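Contents: one structure, followed by commentary.
Please read these numbers as outputs of a predicted model, since none were measured by experiment.
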Amino acid sequence: MEKWYEIKKGADFQAIAERFGISPVTARLIRNRGVIGDAAIDKYLNGTCRDLYDPHLLYESEKLVCILSEKIRQGRPIRIIGDYDIDGVMSTYILYQGITRCGGSVSCAIPDRMRDGYGINEHLIDAAYEEGMDTIITCDNGIAAINEIAHAKELGMTVLVTDHHEIPYVEEQGVRRYLRSAADAIVNPKQQECSYPYKGLCGATVAWKIIQLLYEKFCIDTEEAFAFLEFVAFATVGDVMELTDENRILVREGLKRLHRTANLGMRALILQNQLTPEQITSYHIGFVLGPCVNASGRLETAKIALNLFLQKNEIDAGKIAKELVELNAQRKSMTADGVELAKQIVDEGTAGEKVLVIYLPGVHESLAGIIAGRIRESYHKPVFVLTDGEEGVKGSGRSTEAYSMYDEMCKCRECFSKFGGHPMAAGLSLCEDVAVFRGKINACCELTEEDFIPKIRIDMAMPAAYPTIGLIRELARLEPFGNGNSKPQFADRELALLRASVVGRNQNVLKLSLMTAAGEHVSAVYFGDVEAWKQYYSEKYGQTEVDAALRGRANAIRMSVIYYPEINVYQGMESVQLIIRNYK
């Protein structure tokens, strides 16, 4: 059973509220997100592009831009090598458009997930060399490509790396030795030598910072570079980066530009999903638009998505966007089948392991990461899902907060021919048997039973009838919501259930009428598993009581809920409605 606990971080919330013209509730929510001090609070609430950090602070950024600008002036052919996910596509787009604007002779290559695997590899390097490329510039990859970049240098090529992933290392007698390739310049905020104030940038932001400096070199108004912010925001949300500090500003400002986007491909993708540009929030990027971009790299080639954003013809953009939406629908169906199979395997034999290693040889390898994420949500354990690739067993991992996946993989690096990632996610190719890897990764694991209990953080206990329309509007100042800046969660207990109604076209929405201990009536909606809700309260109170609630009759059911208040508009009238996240 999950544990609910209230975040209790201290501060003078009344004083903060008075200084910034907000309610004490909002002041407390900001403190709960680790924002401390007047300068940080002001930046959180009111930060603009003026508060972004200077790209010159990125280690070797000036060196990289000097080399790149010289190659452009000399007319040397440049090959961008990106990656097949949202961040890789957006990074590639930004570099391609920016270098082209400066007059560069530039082309793009994005790895094929099945044939090439993640990032730069010898196949792509050889292809670039044979096509007469002088320079390779990577984006959203390259930091761990030690051998591959050595190969490119042996061929006499110039290699420039822009990346944001963890720096590879080997550990010898408890001491980490970080590895560096032979690239001519490397820009990655996570490098030890880098004094950039914020380390949590996505690959597209790093690429954008380089274009800012490149425009300086070519005396192009750097304001032009801000046209790319909608793509930076898309990548930041799509790559699930923390929406803190600089990322928060980039996404907020990028969304403003996205609302009036002139990019034909972006507009087409939005319209194909029955949305309008003005509607788009971080939610839509993460759960509607972004998966369509990722679907191309999973089931076909990410070049389709890149081509969408490069379109100059509205009709062609519409056709490509339609293809991406259809690919995403196909991906959803295949994912559902894979998740069902994975759960069956876990339940039949591996549920007792601390780290779940699930081998699904028949599942499309591009779906491994999504399936791993769904299994992690169900079992609250670190999960690796492995499939058969063209050159052996490959896979993806998704982790929990208590388990740094990349660090744990480094403890058994002999199992991999290739791996990389973050504390929360990783990709890998095995050179050991699956059973050997399963044994070694579990032998290293130091998680305790307590680590497997889901913990639900509540911002504060707040009576369900307390939120007003004014407060809800004020909470919008905390947006954009996402990783590192979660939507607030409030809780109330012992609410009487007056009536429950199952509504919606697919009968998958639960509409509730509740009453607080003080006798105040509140309306609420639950979008989760309705049948599970019925079963839970039937076990607690009996089927008779649930049936009574569903008929609007007196019953004994009392609910404790975690909720977020929203404004419901019906026939032009506004009212407060609670969105229930969890119950017990």
We want to know whether [X] and [Y] form a side-chain donor-acceptor pair, criterion being a heavy-atom distance below 3.5 angstrom.
X      : Y      : answer
Asn273 : His284 : no
Thr222 : Gln212 : no
Thr158 : Lys71  : yes
Gln97  : Thr100 : no
Tyr53  : Lys209 : no
Tyr196 : Asp54  : no
Tyr198 : Asn247 : yes

Taking the side chain as every heavy atom from C-beta outward, state whether [X] and [Y] have any pair of such atoms under 4.5 Å apart.
X      : Y      : answer
Cys139 : Ile80  : yes
Pro55  : Val65  : no
Ile81  : Ile137 : no
Leu299 : His364 : yes
Phe384 : Met405 : yes
Cys194 : Asn188 : no

Would you sort out whether Val187 and Tyr59 count as a side-chain contact (heavy atoms from CB on, under 4.5 Å), showing the intermediate values?
-> CA-CA 6 Å; Val187 177; Tyr59 180 67; over 6 Å; no

I'd like to know whether [atom1] of [X] has more than 12 heavy-atom contacts from other residues, nucleotides or ligands below 6.0 angstrom.
X      : atom1 : result
Glu401 : CD    : no
Glu314 : CD    : no
Glu122 : CD    : yes

Verify side-chain hydrogen bond (donor to acceptor under 3.5 Å, both in side chains) between Glu216 and His56, making sure each step is shown before the conclusion.
-> CA-CA 11 Å; Glu216 279 184 19; His56 291 92; 3.2 Å; yes

Under 4.0 Å between a Lys/Arg side-chain N and an Asp/Glu carboxylate O for [X] and [Y]?
X      : Y      : answer
Arg33  : Glu242 : no
Asp245 : Lys43  : yes
Glu479 : Arg252 : no
Asp51  : Arg248 : no
Glu323 : Lys319 : no
Glu171 : Arg177 : no
Lys303 : Asp112 : no
Glu60  : Arg180 : yes

Pair Phe226 + Trp208: ring centers closer than 6.0 Å =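 Yes: the rings meet the under 6.0 Å criterion.
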
N/O donor-acceptor pair under 3.5 Å between [X] side chain and [Y] backbone:
X      : Y      : result
Asp140 : Gly88  : yes
Asp239 : Cys202 : no
Arg376 : Val383 : no
Ser61  : Leu58  : yes

Please report the C-alpha distance between Ile167 and Ile143 in whole Å, then the side-chain angles of each, then the deciding distance to 0.1 Å, and finally whether the side-chain contact (heavy atoms from CB on, under 4.5 Å) criterion is met.
-> CA-CA 6 Å; Ile167 312 301; Ile143 195 67; 3.6 Å; yes

From [X] atom [atom1] to [Y] atom [atom2], the distance as rounded to the nearest 0.5 Å:
X      : Y      : atom1 : atom2 : value
Leu250 : Leu52  : CG    : CG    : 5.0 Å
Ser366 : Ile371 : OG    : CD1   : 8.5 Å
Asn328 : Asn294 : CG    : CG    : 8.5 Å
His151 : Ile146 : NE2   : CD1   : 15.5 Å
Lys411 : Cys445 : NZ    : SG    : 8.5 Å

Residue pair Phe481, Leu243: steps toward the side-chain contact (heavy atoms from CB on, under 4.5 Å) verdict | CA-CA 7 Å; Phe481 297 127; Leu243 299 188; 5.9 Å; no

Assess whether salt bridge (charged side-chain N to carboxylate O under 4.0 Å, His left out) is satisfied between Asp388 and Lys394, documenting all intermediate values.
-> CA-CA 6 Å; Asp388 281 347; Lys394 299 170 69 175; over 6 Å; no

Taking all heavy atoms of Cys102 and all of Ile220, pick out the closest pair and write down the distance.
->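 Cys102 and Ile220 have their closest heavy atoms at SG-CD1, 3.8 Å.
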
Grab the two heavy atoms, one from Leu308 and one from Ala321, that are nearest each other, plus how far apart they are.
->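 Taking Leu308 first and Ala321 second, the nearest heavy atoms are CD1-N, 3.8 Å.
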
Anything under 30° is parallel, anything over 60° is perpendicular, the rest tilted; go ahead and classify Phe228 against Tyr215.
->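 Because their plane-to-plane angle lies in the 30° to 60° range, the rings of Phe228 and Tyr215 count as tilted.
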
Hey, can you tell me if Tyr169 and Tyr406 have their rings parallel, tilted or perpendicular (30° and 60° cut-offs)?
->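 Taking Tyr406 first and then Tyr169, their aromatic rings stand perpendicular (interplane angle over 60°).
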
Relative to Tyr129, does Arg79 satisfy both conditions: NZ or CZ under 6.0 angstrom from the six-membered ring centre, and within 45 degrees of the ring's axis?
->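 Geometry flag: not set, cation outside 6.0 Å or 45°.
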
List the steps, then state whether side-chain contact (heavy atoms from CB on, under 4.5 Å) holds for Asn263 with Gln311.
-> CA-CA 8 Å; Asn263 184 277; Gln311 284 304 305; over 6 Å; no

